[in-house]
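Notes follow once the structure below has been shown.
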Amino acid sequence: MQQVKRAGIRIIRQLHEAVEIISDDHFKKPVEVLGNSTIGQHCRHIIEFFECLEAGALSGTVNYDQRKRSLELETCRQITLDRLLQTESFISSLNENINIQLESGFNPQVDEQIVIPTTLLRELAFTIDHAVHHMALIKAGLRYILPDQKLDAGFGVAFSTLLHHKSQIPATQMQ
């Protein structure tokens, strides 16, 4: 569990650093290459998935479909920064892998939920991967609106891809 927690904390810190470096205007400005979604909307989406997981850890059932979709969270950079710190605290506090249920709907025609047995660790891993995916979109948006701004090299890159890239470096270059 510790390795997954460290990965989650790492990506939350990366996202926090990225949100810190942009202006309030850039945070809530529609970005053409993101289909006119905003950096803030992607941040909100990431945070709300972690918040659904936290609620599920307490109740025994996680349901990502029932996230709040807070306009305040996607438009106020400071609230996002504060919630990222809360998310890091939640991840840090996890001690054990418990059995929980995933409740989700897979039919857009009907509001029908199915229940799938899962574990807290499995859902944490999913939520981290989901966040990395959205961080890749955030990176594309930031490169579009702030082309000279540098981000952590691993921002929005899957851990398996980072490991693969590392394996491709000749041993003589690693010294």
Side-chain angles (χ1 to χ4, degrees), residues 1-19 34-35 37-70 72-74 79-142 151-168:
M1 181 164 225
Q2 293 304 316
Q3 185 176 358
V4 179
K5 284 174 53 172
R6 283 191 300 272
I9 290 167
R10 177 175 172 255
I11 61 125
I12 293 301
R13 287 180 179 169
Q14 285 178 332
L15 185 55
H16 192 278
E17 289 171 11
V19 172
L34 298 179
S37 64
T38 69
I39 302 299
Q41 287 171 325
H42 285 279
C43 291
R44 174 199 47 81
H45 188 74
I46 291 167
I47 292 166
E48 288 181 347
F49 264 62
F50 278 102
E51 289 176 347
C52 287
L53 180 59
E54 183 174 7
L58 296 172
S59 71
T61 301
V62 63
N63 186 322
Y64 303 109
D65 299 340
Q66 293 178 347
R67 58 193 184 279
K68 293 180 179 134
R69 294 169 173 88
S70 165
E72 181 180 64
L73 184 55
E74 70 185 49
I79 290 174
T80 296
L81 290 168
D82 293 344
R83 297 274 275 282
L84 285 167
L85 293 175
Q86 291 170 7
T87 299
E88 182 179 337
S89 178
F90 158 65
I91 295 169
S92 295
S93 74
L94 296 174
N95 295 338
E96 60 181 308
N97 185 24
I98 59 172
N99 290 326
I100 60 174
Q101 297 179 26
L102 171 64
E103 191 177 77
S104 189
F106 292 94
N107 183 347
Q109 307 305 319
V110 255
D111 185 17
E112 179 183 4
Q113 302 286 302
I114 65 166
V115 176
I116 303 167
T118 187
T119 66
L120 181 59
L121 185 59
R122 169 64 187 98
E123 293 307 310
L124 178 59
F126 161 75
T127 307
I128 291 167
D129 285 343
H130 175 262
V132 170
H133 163 76
H134 280 275
M135 289 168 64
L137 295 169
I138 290 169
K139 179 167 56 176
L142 288 175
L151 294 171
D152 180 290
F155 187 94
V157 181
F159 299 110
S160 61
T161 302
L162 293 172
L163 187 60
H164 174 74
H165 288 164
K166 185 177 176 183
S167 74
Q168 301 302 301

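Residue numbers start at 1 and run along the sequence shown. In this text, all values refer to a predicted model and were calculated from it rather than measured experimentally.
- Contact between A131 and I11 at its shortest, heavy atoms only, is CB-CD1, 3.4 Å.
- Interatomic distance, CD1 of I79 versus CD of E74, reported as 11.5 Å (0.5 Å rounding).
- Listed here is the closest heavy atom pair of V62 and C52: CG2-O, 3.4 Å.
- The shortest side-chain heavy-atom distance between Q14 and R10 falls under the 4.5 Å cut-off.
- Looking only at side-chain heavy atoms (C-beta outward), I116 and S104 stay at 4.5 Å or farther from each other.
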task = Quick one: do R83 and E51 satisfy salt bridge (Lys or Arg N to Asp or Glu O under 4.0 Å)? Show the steps, please.
result = CA-CA 9 Å; R83 297 274 275 282; E51 289 176 347; 2.5 Å; yes

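- Atom CD1 of I47 and atom CZ of F90 lie 13.5 Å apart (nearest 0.5 Å).
- Contact annotation: the side chain of I138 approaches that of F155 to within less than 4.5 Å [non-hydrogen atoms, C-beta and beyond].
- Of all heavy-atom pairs between G156 and A136, the closest is O-CB, 3.3 Å.
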- Item | Verdict with supporting geometry, L15 and H134, side-chain contact (heavy atoms from CB on, under 4.5 Å) | CA-CA 10 Å; L15 185 55; H134 280 275; over 6 Å; no

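- Contact between I100 and T119 at its shortest, heavy atoms only, is CG1-C, 3.8 Å.
- When every heavy atom of L34 is checked against every heavy atom of I39, the shortest pair comes out as CD1-CD1, 4.0 Å.
- Side chains of T118 and E123: a donor on one and an acceptor on the other come within 3.5 Å.
- The two residues I91 and K5 come nearest to each other via the heavy atoms O-CE, 3.3 Å.
- Proximity of I128 to F49: side-chain heavy atoms (C-beta onward) are nowhere separated by under 4.5 Å.
- Here L73 contributes atom CG and K68 contributes atom NZ; the two are 10.0 Å apart, rounded to the nearest 0.5 Å.
- Ring geometry for H45 against H130 counts as tilted: the plane angle lies between 30° and 60°, on a 0 to 90° scale.
- At a threshold of 4.5 Å between non-hydrogen side-chain atoms, the residues Q113 and D65 count as touching.
- Of the inter-residue distances, the one linking L102 atom CG with T61 atom OG1 reads 9.0 Å to the nearest 0.5 angstrom.
- In this structure, Y64 and F126 have tilted ring planes: the angle between them lies in the 30° to 60° band.
- The shortest side-chain heavy-atom distance between L53 and L120 falls under the 4.5 Å cut-off.
- The structure places CD of E17 at 7.0 Å from CG of D152, a figure rounded to the nearest 0.5 Å.
- Of the possible donor and acceptor atoms, one in the side chain of E48 sits under 3.5 Å from a partner among the backbone N and O of R69.
- When side chains are defined from C-beta on, T80 does not count as touching R44, because their heavy atoms never get closer than 4.5 Å.
- With rounding to the nearest 0.5 angstrom, the CD1 atom of I12 is 7.0 Å from the CD1 atom of I46.
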